[in-house]
Engineer: 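Attaching a single structure in structure tokens format; questions to follow.
Excluded from the calculations below are hydrogen atoms, water molecules and symmetry mates; all remaining heavy atoms, backbone and side chain alike, are included. Here, residue 1 is the first one in the sequence, and each next residue gets the next number.
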Amino acid sequence: MNSRTAALILTILGAGLLFFLASGEAASAPGLMAGLIGIAAIWLASGKTRFVLAAISGLLWLAALVLAVFGSAAAVVGAIIGLAGSVLALAKGSQWPGFSSRYARASDLEDDGLISPRQMWESLDRGLDPTRKRDDD
């Protein structure tokens with residue numbers, strides 16, 4: 001199992017424990033928000049965005065852990081597991097692949113090297129292939 005899968009499993013497991021076993025406690029709100037942001041960081045984001053989302057998720061998991069200390073043991077365990085997922089995303093996230101810009105034209109690339117979704121849809125609406133290079137001839 002690679003580190004990305006492990007971080008995803010830890011994040012989902014931590015949020016799941018808070019949702020199902022400690023849903024009435026104060027720690028569940030920041031924990032569930034941390035889980036959603038953590039999943040976005042692990043699965044959807046790349047580069048600097050991944051790092052920022054993983055850091056926000058880690059801070060929310062810490063807040064959930066502080067609040068869980070006054071609650072049940074299940075909340076503490078869930079917050080610790082979720083925090084481990086965020087720490088793994090922070091430590092190894094720069095090595096994980098992001099969305100590919102393999103088929104994007106150089107003129108359509110944004111600052112981070114990815115094609116903007118708006119440009120992709122506009123070219124498809126015009127009946128153009130956004131992956132095809134323009135001929136200057």
Engineer: Tell me whether I12 shares a hydrophobic cluster with I81, the cluster being built from Ile, Leu, Val, Met, Phe, Trp, Tyr side chains joined at under 4.5 Å.
Structural biologist: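 Different clusters: I12 never reaches I81 through Ile, Leu, Val, Met, Phe, Trp or Tyr contacts under 4.5 Å.
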Engineer: At their closest point, which heavy atom of M1 faces which heavy atom of I9, and how far apart are they?
Structural biologist: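 In terms of heavy atoms, the two residues are closest at SD-CD1, 3.7 Å.
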Engineer: Could you tell me which non-hydrogen atom of A89 sits nearest to which non-hydrogen atom of A7, and how far apart they are?
Structural biologist: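 For A89 versus A7, the nearest heavy atoms are N-CB, 4.3 Å.
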Engineer: Can you see which heavy atom on A68 is nearest to which on V76, and at what distance?
Structural biologist: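 Smallest heavy-atom distance, with atoms named: O-CG2, 3.3 Å.
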Engineer: Treat each ILVMFWY residue as a node, draw an edge where side-chain heavy atoms are under 4.5 Å apart, and state whether V87 and L62 are in one component.
Structural biologist: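 Yes, because V87 and L62 connect within a single hydrophobic cluster, where side-chain heavy atoms sit under 4.5 Å apart.
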Engineer: Taking the six-membered ring of W43, is NZ or CZ of R4 closer than 6.0 Å to its centre and within 45° of its axis?
Structural biologist: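 Yes.
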Engineer: I would like to know whether W61 and T11 meet side-chain hydrogen bond (donor to acceptor under 3.5 Å, both in side chains); could you show each step before the answer?
Structural biologist: CA-CA 10 Å; W61 280 118; T11 301; 5.2 Å; no
Engineer: Is M33 reachable from I56 through a run of I, L, V, M, F, W or Y residues, each pair having side-chain heavy atoms under 4.5 Å apart?
Structural biologist: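 Yes, I56 connects to M33 through the hydrophobic network.
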Engineer: Answer yes if I42 and L44 sit in the same cluster of Ile, Leu, Val, Met, Phe, Trp and Tyr residues linked by side chain heavy atoms under 4.5 Å apart, and no otherwise.
Structural biologist: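 I42 clusters together with L44.
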Engineer: Enter the distance from F20:CZ to L17:CG here, rounded to the nearest 0.5 Å.
Structural biologist: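 So the gap between those two atoms works out to 10.0 Å.
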Engineer: Do you reckon L53 sits in the same ILVMFWY cluster as L60, going by side-chain contacts under 4.5 Å, direct or chained?
Structural biologist: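 Yes, L53 connects to L60 through the hydrophobic network.
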Engineer: How long is the gap from CG on L90 to CG on L83, to the nearest 0.5 Å?
Structural biologist: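 With rounding to 0.5 Å, CG (L90) is 9.5 Å from CG (L83).
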Engineer: Using a distance-only test with no angle check, is there a side-chain donor-acceptor pair under 3.5 angstrom linking S3 and W96?
Structural biologist: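 Their side chains do contain a donor-acceptor pair, which is all the 3.5 Å distance test asks for.
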Engineer: Out of V52, I39, I37, which one pairs with S57 under the side-chain contact (heavy atoms from CB on, under 4.5 Å) rule?
Structural biologist: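 Testing S57 for a side-chain contact (heavy atoms from CB on, under 4.5 Å) against V52, I39, I37 leaves exactly one candidate, I37.
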Engineer: Which heavy-atom pair separates A64 from A27 by the least distance, and what is that distance?
Structural biologist: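 Residues A64 and A27, closest heavy atoms: O-CB, 3.2 Å.
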Engineer: Nearest 0.5 angstrom please: L10 CG to I80 CD1, how far?
Structural biologist: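 Atom-to-atom, L10:CG and I80:CD1 are 12.0 Å apart.
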Engineer: Rounded at 0.5 Å granularity, tell me how far OG in S28 sits from CG in L21.
Structural biologist: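 With rounding to 0.5 Å, OG (S28) is 11.5 Å from CG (L21).
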Engineer: Where is the tightest heavy-atom contact between A22 and A75, given as atom of each residue plus distance?
Structural biologist: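 Looks like CB-CB, 3.8 Å.
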Engineer: Heavy atoms only: give me the nearest A15-G35 pair and the separation to one decimal.
Structural biologist: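 The pair with the smallest heavy-atom distance is CB-CA, 4.3 Å.
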